[in-house]
Visitor: 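Pasting a structure below so you can have a look.
Just follow the structure's listing: the first ligand is 1, and inside any ligand the first atom is 1. Atoms considered below: every heavy atom in the structure, side chains included; atoms not considered: hydrogens, waters and symmetry mates.
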Amino acid sequence: MVKLVLVLGDQLTPEIAALQRADKSRDLVVMAEVGAEAEYVPHHPKKIAIVLAAMRKFAERLRGDGWQVAYTRLDDPQNAGSIPGEILRRASETGATRVLATIPGEWRLIEALESVPLGIEMVEDDRFIASHADFENWADGRKQLRMEYFYREMRRRTGLLMEEGAPAGGKWNYDHDNRKPAKDDLFLPQPLRFEPDAVVEEVLDLVESRFGANFGDLRPFGMATDHAEAEAVLEHFIETALPSFGDCQDAMLSGRPFLYHSLISAYLNIGLLHPLDVCQKAEAAWESGHAPLNAVEGFIRQIIGWREFVRGIYFREGADYVQVNRLGHGRNLPALYWGARTDMKCLSEAVAQTREEAYAHHIQRLMVTGNFGLIAGVDPSQLHEWYLAVYADAFEWVEAPNTLGMSQFADGGLFATKPYISSGNYIDRMSDYCGACHYSVKTKQGEGACPFNLLYWHFLDRHRDRFSANPRMGQMYRTWDRMEPQRRDTILREAEAFLSRLDAGEAV
Ligand SMILES: Cc1cc2nc3c(=O)[nH]c(=O)nc-3n(C[C@H](O)[C@H](O)[C@H](O)COP(=O)(O)OP(=O)(O)OC[C@H]3O[C@@H](n4cnc5c(N)ncnc54)[C@H](O)[C@@H]3O)c2cc1C
Ligand code: SF4
């Protein structure tokens with residue numbers, strides 16, 4: 001009897017596990033654009049558009065490969081509105097009683113599939129280097145989960161940048177070389193963009209009519225929406241940007257959102273690129289002498305290290321992970337995250353480009369929007385929803401551990417050794433923002449003081465019990481304690497006044 005084979009919007013890989021186990025001559029592939037997925041957070045219109053356009057093209061590709069595909073469009077009057085609803089509808093149409101699915105990347109959907117009253121078989125998503133069992137085996141019995149040690153395992157396993165069992169160049173990690181600011185010049189690489197074709201145009205019109213009010217600019221739209229285009233983005237990155245990726249990885253420049261980053265996360269996450277293939281191509285660029293080792297190692301570490309590691313954390317921690325709030329932060333997400341006016345240049349830049357591109361690079365997410373949310377004490381679940389909504393690459397398995405764990409320390413330091421907080425100094429060192437800011441980064445208190453300078457100490461002071469014994473934070477507390485009591489009082493008072501204005505919805 002016919003089996004239904006579910007392919008979700010982030011499972012657009014011809015070799016996805018469920019398809020590998022299905023029978024092309026008999027089974028029916030089910031793909032559906034549903035309101036429940038498009039609306040559970042107010043996704044950026046570009047994010048909805050890339051997923052829908054890539055789904056439509058993938059369905060056509062599967063048909064071309066001989067699969068029978070039952071595809072439901074968002075505006076189809078029969079649309080049941082949710083993935084379980086669509087499965088049941090297709091089951092009643094075909095008489096199918098069994099469903100084959102690749103395990104979704106989100107607990108919410110896993111639970112929804114488990115509740116479908118049919119025989120559902122869920123098979124592991126094998127588009128990753130480490131399976132769930134691999135991660136468990138690695139993590140079990142360890143007192144601390146550190147990405148660096150997991151990453152070394154992944155290097156050994158894949159053989160990437162390995163020479164006779166040892167790391168190429170003699171070191172596992174070249175991060176130390178990768179902390180340089182960037183210079184703005186005419187030679188910065190330009191991202192590869194694609195003119196929307198008829199399929200993309202149709203999706204853009206649909207998204208405009210249904211989700212036009214969401215935060216984010218839909219047009220101009222130039223993202224890749226199929227495997228060949230995603231491949232071209234990767235090649236363009238390797239050719240033009242990879243050689244400087246390492247040196248400028250943490251740098252930020254006004255009006256230059258992409259710098260030397262690859263812009264491939266959305267494509268990796270929906271299945272248009274495969275992580276191992278991406279890393280092998282980067283490795284080949286080092287072998288041929290096109291890109292230096294510090295750049296290629298840094299890039300590969302993000303993919304076989306961080307990307308795999310955070311996925312392991314998400315599935316190990318279970319469905320409740322998204323509710324963690326160990327620092328007890330409860331401030332509402334300030335309106336500036338949704339584009340309300342702010343005089344803080346770093347935040348206005350990060351938010352403006354997020355609105356335009358559904359993209360911000362890692363340091364903008366971690367050390368600008370994340371850092372501000374953390375030192376201002378914003379409710380981590382509201383930040384989690386924001387990150388999940390506004391970035392084109394945001395899927396819960398990768399977004400939640402990055403936001404709640406790495407950026408907000410809301411899991412109490414499951415894998416981060418200390419909170420990623422900084423005063424304005426760090427932002428000033430890594431960017432050109434402060435020179436153009438209304439606030440003065442050099443001013444620590446008083447008129448025009450950079451809010452990051454005030455909130456940084458406010459955070460340390462209010463969490464003294466938790467962090468003062470942390471060996472990596474001792475120096476911060478010693479500096480704070482050496483300040484004149486009167487100066488400390490002034491800083492705390494000014495921080496409080498700033499937070500009150502933020503809470504009152506004033507433009508800060
Ligand atoms: C608060 C916060 C939220 C984030 N949310 C997401 C998210 O929803 N989806 C997402 O894919 N990444 C997320 N990241 C990680 C990272 O910021 C993005 O992967 C990266 O900015 C994507 O841009 P890029 O493709 O140009 O990456 P590059 O800088 O060119 O890096 C190459 C690739 O490495 C991978 N990578 C890099 N850093 C990480 C990381 N910390 N975790 C997982 N993979 C990583 C990505 O696949 C990326 O495409 C988040 C980081 C933070 C601090
Ligand atoms: S001065 Fe402070 S608020 Fe302004 S850009 Fe620099 S770090 Fe951001």
Side-chain angles (χ1 to χ4, degrees), residues 10 47 105 147 191 233-234 237 241-242 245-246 248-250 252 254 257-270 273 275 278-279 282 295 298-311 313-314 342-350 357-374 380 383-384 386-408 416 420 422-443 448-456 508:
D10 60 351
K47 177 181 179 187
M147 191 286 295
V233 170
L234 173 66
F237 160 70
L242 178 61
F245 174 86
C248 300
Q249 203 178 331
D250 291 1
M252 298 173 279
S254 306
F258 308 120
L259 293 168
Y260 298 92
H261 292 273
S262 66
L263 323 181
I264 60 164
S265 47
Y267 312 135
L268 277 168
N269 296 350
I270 65 174
L273 291 173
V278 167
C279 292
F299 179 70
I300 287 178
R301 174 160 27 89
Q302 307 311 315
I303 296 176
I304 66 168
W306 279 114
R307 186 169 183 272
E308 297 278 330
F309 179 79
V310 296
R311 177 173 181 265
I313 296 283
Y314 176 77
T342 171
D343 291 333
M344 292 180 277
K345 174 75 173 167
C346 51
L347 278 157
S348 69
E349 274 286 320
E357 306 287 352
Y359 178 84
H361 73 64
H362 187 67
I363 292 301
Q364 292 174 305
R365 297 187 209 194
L366 186 64
M367 298 311 294
V368 178
T369 47
N371 181 15
F372 185 79
L374 179 57
L383 279 159
H384 158 57
W386 183 78
Y387 282 103
L388 194 55
V390 301
Y391 292 113
D393 59 20
F395 296 87
E396 197 172 275
W397 63 267
V398 53
E399 177 278 327
N402 267 299
T403 302
L404 299 167
M406 186 189 302
S407 158
Q408 297 303 303
Y420 280 98
S422 81
S423 66
N425 267 349
Y426 173 85
I427 295 172
D428 191 31
R429 197 165 65 247
M430 297 315 303
S431 78
D432 65 356
Y433 298 151
C434 300
C437 185
H438 160 87
Y439 295 101
S440 158
V441 73
K442 303 275 180 252
T443 307
C450 164
F452 282 80
N453 292 345
L454 303 171
L455 297 177
Y456 172 76
V508 288

Visitor: Out of Phe237, Tyr420, Trp306, who gets a non-hydrogen atom closest to atom 39 (C) of ligand 1?
Guide: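 Ranked by closest heavy atom to atom 39 (C) of ligand 1, first place is Trp306.
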Visitor: Numbering the atoms of ligand 1 from 1, which are under 4.0 Å from a heavy atom of Met406?
Guide: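 With Met406 as reference, the close atoms of ligand 1 come out as 41 (N).
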Visitor: I'd like to know whether the aromatic ring centres of Phe245 and Tyr260 sit less than 6.0 Å apart in this structure.
Guide: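 No: the rings miss the under 6.0 Å criterion.
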Visitor: Starting from atom 30 (O) of ligand 1, which protein heavy atom do you reach first, and at what distance in Å?
Guide: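 Ranked first by proximity to atom 30 (O) of ligand 1 is Ser262 OG, 2.7 Å.
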Visitor: Give me the nearest non-hydrogen protein atom to atom 33 (C) of ligand 1 as residue plus atom name, then the distance to 0.1 Å.
Guide: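 Closest protein heavy atom to atom 33 (C) of ligand 1: Ile303 CG1, 3.7 Å.
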Visitor: Between CE of Met367 and OG of Ser407, what distance do you get to the nearest 0.5 Å?
Guide: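 If I round to the nearest 0.5 Å, the distance is 9.0 Å.
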Visitor: Around atom 9 (N) of ligand 1, find the nearest protein heavy atom and jot down its residue, atom name and distance.
Guide: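 In this structure, atom 9 (N) of ligand 1 has Asp393 O, 2.9 Å as its nearest protein heavy atom.
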Visitor: Within the distance-only criterion (no hydrogens, no angle test), does the side chain of Thr403 pair as donor or acceptor with the backbone N or O of Ala400 below 3.5 angstrom?
Guide: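 It does not hold such a pair.
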Visitor: Check ligand 1 against Ala360 and write out every atom of the ligand that is under 4.0 Å from a heavy-atom position of the residue.
Guide: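 Taking each heavy atom of Ala360 in turn, ligand 1 has 21 (O) under 4.0 Å.
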Visitor: For atom 48 (C) of ligand 1, what is the closest protein heavy atom, and at what distance to 0.1 Å?
Guide: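 The protein heavy atom lying closest is Ser265 CB, 4.0 Å.
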Visitor: To the closest 0.5 Å, what do you measure between CD (Gln364) and CE (Met252)?
Guide: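 It comes to 6.5 Å.
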Visitor: Check each atom of ligand 1 against the heavy atoms of Arg307 and keep those under 4.0 Å away; list them by number with element.
Guide: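 The atoms of ligand 1 under 4.0 Å from a heavy atom of Arg307 are 43 (C), 44 (N), 47 (O).
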Visitor: If you measure from each non-hydrogen atom of Tyr359 to ligand 1, which part falls under 4.0 Å: side chain, backbone, both or neither?
Guide: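 Side chain only.
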Visitor: Would you mind checking if Asp428 and Lys442 are paired as a salt bridge, meaning a charged N to carboxylate O distance below 4.0 Å?
Guide: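 Salt bridge: yes.
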Visitor: So which bit of Leu388 gets within less than 4.0 Å of ligand 1, heavy atoms only: side chain, backbone, both or neither?
Guide: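 Looking at Leu388 and ligand 1, no heavy atom falls under 4.0 Å.
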Visitor: Is ligand 1 less than 4.0 angstrom away from at least one heavy atom of Phe299?
Guide: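 Yes, Phe299 has a heavy atom closer than 4.0 Å to ligand 1.
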Visitor: Considering heavy atoms of the protein only, find what lies nearest to atom 12 (N) of ligand 1 and give residue, atom and distance to 0.1 Å.
Guide: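 Sorting protein heavy atoms by distance from atom 12 (N) of ligand 1 puts Val398 CG2, 3.7 Å first.
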Visitor: Are Phe372 and Phe452 close enough, and set up right, to give a ring pair (Phe, Tyr, Trp, His ring centres under 6.0 Å), and what steps lead you there?
Guide: CA-CA 7 Å; Phe372 185 79; Phe452 282 80; 5.6 Å; yes
Visitor: Please round to the nearest 0.5 Å and tell me the distance separating atom CE of Met147 and atom CE of Met406.
Guide: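 It is 8.0 Å, given to the nearest 0.5 Å.
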Visitor: Which protein N, O or S atoms does atom 2 (Fe) of ligand 2 have within a distance shorter than 2.8 Å?
Guide: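 Short answer, with waters excluded from the count: Cys450 SG.
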Visitor: Go through the steps for Phe237 and Phe299 under the test ring pair (Phe, Tyr, Trp, His ring centres under 6.0 Å), then give the verdict.
Guide: CA-CA 11 Å; Phe237 160 70; Phe299 179 70; 4.9 Å; yes
Visitor: Run the numbers for me: atoms of ligand 1, each under 4.0 Å from some heavy atom of Asn269, listed by number.
Guide: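 Close to Asn269: 9 (N), 10 (C), 11 (O).
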Visitor: Would you call the rings of Tyr391 and Trp386 parallel, tilted or perpendicular, taking 30° and 60° as the class edges?
Guide: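 Perpendicular.
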Visitor: Whether the side chain of Glu357 engages the backbone of Pro257 through a donor-acceptor N/O pair (distance < 3.5 Å, no angle test) should be reported.
Guide: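 A pair under 3.5 Å: no.
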Visitor: Report, in ascending order of atom number, the atoms of ligand 1 lying under 4.0 Å from any heavy atom of His362.
Guide: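 That gives atoms 15 (C), 16 (C), 17 (O), 21 (O), 41 (N), 51 (C), 53 (C) of ligand 1.
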Visitor: Nearest non-hydrogen contact with atom 25 (O) of ligand 1 belongs to which option: Leu242, Ile300, Ile264?
Guide: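 Among Leu242, Ile300, Ile264, the closest heavy atom to atom 25 (O) of ligand 1 comes from Ile264.
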Visitor: Do the side chains of Gln302 and His362 get nearer than 4.5 Å, heavy atoms only?
Guide: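 SC-SC contact between His362 and Gln302 ruled out.
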Visitor: With rounding to the nearest 0.5 Å, note down the distance linking CG in Asn425 to CG in Asn453.
Guide: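 Output value for this atom pair is 6.5 Å.
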Visitor: Do any heavy atoms of Pro401 fall under 4.0 Å from ligand 1?
Guide: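 No, Pro401 has no heavy atoms under 4.0 Å from ligand 1.
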Visitor: Nearest 0.5 Å, what's the CG-OG distance between Asp343 and Ser348?
Guide: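 Here the interatomic distance stands at 8.5 Å.
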Visitor: In this structure, is the centre-to-centre distance between the rings of Tyr420 and Tyr426 below 6.0 Å?
Guide: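 Ring centroids of Tyr426 and Tyr420 are no less than 6.0 Å from each other.
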Visitor: Can you tell whether the side chains of Asp393 and Arg365 come within less than 4.0 Å, N to carboxylate O?
Guide: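 Counted as a salt bridge, because a side-chain N and a carboxylate O are separated by less than 4.0 Å.
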Visitor: Go through ligand 1 atom by atom and flag the ones less than 4.0 Å from a non-hydrogen atom of Leu268.
Guide: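 By the 4.0 Å cutoff, the relevant atoms are 47 (O).
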Visitor: Does any N or O atom in His361 lie less than 3.5 angstrom from one in ligand 1, N or O only?
Guide: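 The answer is no, given that His361 and ligand 1 share no N or O pair closer than 3.5 Å.
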Visitor: Answer with side chain, backbone, both or neither: which part of Phe245 has a heavy atom less than 4.0 angstrom from an atom of ligand 1?
Guide: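 Side chain only; the backbone of Phe245 stays clear of ligand 1.
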Visitor: Suppose we measure from atom 42 (N) of ligand 1 to each protein heavy atom; which comes out shortest, and what is that distance?
Guide: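 Looking at atom 42 (N) of ligand 1, the protein heavy atom closest to it is Asn402 ND2, 3.0 Å.
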Visitor: Out of Pro257, Gly370, Ala394, who gets a non-hydrogen atom closest to atom 8 (O) of ligand 1?
Guide: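 Of the listed residues, Ala394 has the closest heavy atom.
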Visitor: Would you mind running through ligand 1 and noting each atom that sits below 4.0 Å from a heavy atom of Thr403?
Guide: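 Listed by number with element, the hits are 1 (C), 3 (C).
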Visitor: If only side-chain N and O atoms count, and only distance matters, is there a donor-acceptor pair under 3.5 Å linking Thr369 with Tyr387?
Guide: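 Distance-only check passes for Tyr387 and Thr369.
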Visitor: Between the candidates Gln302, Gln408, Arg365, His261, which shows the shortest non-hydrogen contact distance to atom 20 (C) of ligand 1?
Guide: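 Heavy atom nearest to atom 20 (C) of ligand 1 belongs to Arg365.
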Visitor: When rounded to the nearest 0.5 angstrom, what distance separates SG in Cys346 from CE in Met430?
Guide: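 The SG atom of Cys346 sits 14.0 Å away from the CE atom of Met430.
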Visitor: Looking at Leu366, which atoms of ligand 1 are within less than 4.0 Å of one of its heavy atoms?
Guide: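 What qualifies from ligand 1 is 53 (C).
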Visitor: Quick one: closest heavy-atom pair of Pro401 and Glu396, and the distance?
Guide: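 Smallest heavy-atom distance, with atoms named: CD-O, 3.7 Å.
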